[in-house]
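For reference, the structure is listed below as structure tokens.
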Amino acid sequence: MQFTIDTDCRRGLRIIEEIPDISLCRIEGYNGIGKSGAIRLLQLCTGSQPYSEDEQSWRTFRDQLASARVRVNKLRGADNIEWIIDPSQWPSMPEPMNGRIGEIRINGRRASIDNVTELLRVDRIVVNETFRDTLAARVDQTYAAMDTVLPAASDRQRQAEHRLAGIQDIIAEQLIRQIPGNMTTVAAMEETAATLAVTLEQAQRRLELLSQTAEISKRLEEVRGHGSELDEQLAQTTAELESVLEKRTQIDEEIVQASERENRGTAAQREFSNAEKHLTRQDRRLTQAETQLAQLAAAAGIDSAAIDLENTRQSAAQQLNYLTALLPQVYSTPLLIDLLDDLIERLGHAEEAGIGEQALLESHEHETLFTVSKAKASFEEQRRFLKSRLPSADAERLSREIATIRALLNIISEIAVAKNEVAKAKADRDKATERLRKAAKALPRATAKSLTDLLQSRNALEEAARLLEARRARQQHARNLLGGGQSESALAAQLVELCRTLDIDASRVHGRLATEEKRVGELVREMQHTKQQLDERRRQLSEQSSQLASVVKALHERQDLEWLRNHPDIVLPRANAPAEEQVAALIGISDVIEKARERLRITGGTLLGIKEALSQLSTRFKGATSLDGVWAAPLRAWLSDEVTEWFSHDEVRQALFPNGQDIKLDLVRMEISWTVAGERQERALNAFSSGEQVMAFTRARLAQLDQSHMRPANRLIAIDEFGAFLDAEVLHRLASYLKDRSDTYPADQIAVILPLTFRKDAVVEPSPEHRNRVRQLEARGYFTEGLLD
């Protein structure tokens, strides 16, 4: 690269006019000629602010530079760059220029400072620092970089954390993890319910047999105690009825004979005969109706004549409604009691914690409806009520009571119908009696009087027969109920067979029946409780399965999760896979996400830890003694490796550590050690000579520039005041190093700026090179040439 600088300066400011296209250039001249000023101007042109720490020098430079035109040719990536500079537009404070340098043209076209920084960078190394200062600057530079990086890194960390947390929210891991357990629980509860169903069915069959056995035993006892008495009563009533019916038959014959005597074939006799037959039919119908009514009343255990059937029906209906409404509550009572037990226990813990008077439930007007203690007392009262509402027979006994009341209601309905039939039969019988009476009056007077007396006797016998028939029906019903219509021997045989089937003694039937009723009641409650819990678990599992399907669908379809689907460590669950497989895949994804979040947290803490350690390391160079913490040792190792790399070039190493190997930096003792012929040597950082420190500093600063991520197509590195502290031997070694470096970085042009050490009259017979230096000095106060020329 060739730099041409044309300036208009005032009040003593001077800037050299050219830096030639020499990859390793030596610029040597008088003090104040403008060598350093030219480099600073070029830094301003390429976007840097060399005066950021020196406000006074900035104002002086800006005020004394009236105008300037800078041009650089022979660039990589462009033919030329030109700046037309107007310092009057520059800021008053030494802040970044941000494109205010002036007009910029690249290859003749207007350009911006961003275009320039892609093509060209100018760095200035001032070799007036100590080796210790160089190390401190390296640490400070890294600290500043951390200070710049951390906010952006923190933002990216927060964004990544938010994104990862969002995935875990979608997966709802805690809920998803419950699915396998719930599936196992549901399967176990289904198996338990099936086993309970079999056990309950067996227990109910045994209870049914026991109930049947107890009933047979009861009938047998009744038959043995009251059967003969009832048989005698039934036989007596039957005998009385047969006697009455025999007398009624005789009177019927007498009535027929009386009506036919002297009146056979007459119209009056025929009417009387028809009326008598009609009355007989109505009497038989009334007897049948009253017998049916008596049997129904006996079955219901009521007196159909004395009882108010409507009130009885209403009372039974009310009892049926109560029991029917109570039945589902009985089935839910165990679960409700369990729920109340849990609530009472939790509220008890709250009272023990001293918050019994705290409001647990408030109205919309913030009025306290329930305190913790009041709610606990209410739940305890409800629990006592549920416990005492139904005896131990529970649902089974309740169902039997409901069946009994329903049967009673059916019988009451039949009794009402039977009573209506009796009333209608009586009315028809009365009409038939009146017809017969009228027919009797139509016969001759003597015959009519005789028939009237006979009819009165017949009516009395008919009424007695009906009463006896009703009595016999009731007695027969009682006898049938007593033994189920069976004999003592038949009942005894059934009892023996049932006891053998049940494998129990006949004397223990009633005790075993009570035990089995209790067991069946407990099994029914347990079965209902299990079913309710199973239904609840199934509902939960159904909801969780629906959520699982939604999660899988979202992971496969949501556009904002495309990055997740493309991640190499993520395996999405198959949409049609079994729930267990989907859950396992989602838990795997959540584990990967959690590990990533943990790495983020560790990384954030690591960056802060490194920054804090850099701060401690920086203060170590300023005299502080503290250098501890997790990152102290790694940072010491890092800086030691940096120093080792700085001294890796043979020329530099030989200049500072002749024949030295294995160079190490000890930041605790602030010294450098190396090995010569197997012997370890040490030297404090402050013990290096000025020339040695310049050598080390220059090597270190160049190493820092080499590690910079900002590497444009072209770069000018100016090493200012280079030879002020170096003797000829060290200068030659460092120049050799720079020459070797130029082979590695051909895009870098290095300008070594030296104070004037050349003497025009030093030789008697000057060489061409000598005469060229003299001409340049006389013309412009400095000369340029290759560093190793």
Side-chain angles (χ1 to χ4, degrees), residues 219 221-259 275-307 309 411 414-415 417-434 436-437 440 450-491:
R219 289 180 184 179
E221 291 173 1
E222 289 175 347
V223 168
R224 286 171 176 169
H226 304 285
S228 58
E229 180 183 347
L230 285 176
D231 287 342
E232 290 175 2
Q233 291 175 359
L234 183 60
Q236 182 180 352
T237 301
T238 301
E240 290 178 6
L241 178 60
E242 289 175 352
S243 176
V244 170
L245 290 176
E246 183 178 354
K247 290 179 181 179
R248 191 188 69 178
T249 301
Q250 292 175 355
I251 289 178
D252 285 342
E253 291 177 355
E254 291 178 7
I255 290 172
V256 172
Q257 292 173 3
S259 66
E276 193 272 337
K277 292 177 181 177
H278 178 66
L279 178 59
T280 299
R281 289 194 299 271
Q282 296 304 319
D283 281 336
R284 190 161 50 249
R285 178 185 166 201
L286 177 58
T287 298
Q288 292 174 348
E290 287 182 338
T291 300
Q292 176 68 22
L293 178 60
Q295 291 174 343
L296 290 172
I302 61 176
D303 186 347
S304 60
I307 198 167
L309 286 180
I411 293 175
E414 292 179 6
I415 288 175
V417 173
K419 288 188 73 171
N420 290 334
E421 184 63 28
V422 168
K424 184 178 179 181
K426 282 183 178 181
D428 290 342
R429 197 277 312 267
D430 290 344
K431 290 179 183 179
T433 301
E434 181 62 23
L436 184 61
R437 188 184 63 78
S450 175
L451 287 174
T452 299
D453 292 339
L454 289 172
L455 288 173
Q456 287 177 350
S457 297
R458 184 187 185 283
N459 288 341
L461 289 172
E462 184 66 34
E463 182 66 26
R466 283 197 298 273
L467 292 174
L468 287 171
E469 189 69 42
R471 185 201 301 172
R472 189 176 72 165
R474 289 192 295 272
Q475 290 173 345
Q476 184 64 49
H477 182 77
R479 182 63 183 81
N480 291 340
L481 288 178
L482 184 64
Q486 295 177 296
S487 65
E488 179 179 341
S489 59
L491 290 172

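We number each residue from 1, following the sequence as shown.
A donor-acceptor pair under 3.5 Å is formed between the side chain of Thr433 and the backbone N or O of Arg429.
Looking at residues two or more places apart in sequence or on another chain, you find a side-chain contact (heavy atoms from CB on, under 4.5 Å) between Ala432 and His278, Leu279, Gln282. In this structure Glu414 satisfies the salt bridge (charged side-chain N to carboxylate O under 4.0 Å, His left out) test with no other residue, sequence neighbours excluded. Listed by chain and residue number, Arg285, Ala289 satisfy the side-chain contact (heavy atoms from CB on, under 4.5 Å) test with Glu421 (two or more places apart in sequence, or in another chain). For the side-chain hydrogen bond (donor to acceptor under 3.5 Å, both in side chains) test, residues two or more places apart in sequence or in another chain that qualify with Glu434 are Arg437. Here Glu240 pairs with Arg471 under the salt bridge (charged side-chain N to carboxylate O under 4.0 Å, His left out) rule; sequence neighbours left out.
The shortest non-hydrogen separation linking Val244 to Leu468 is CG2-CD1, 3.7 Å.
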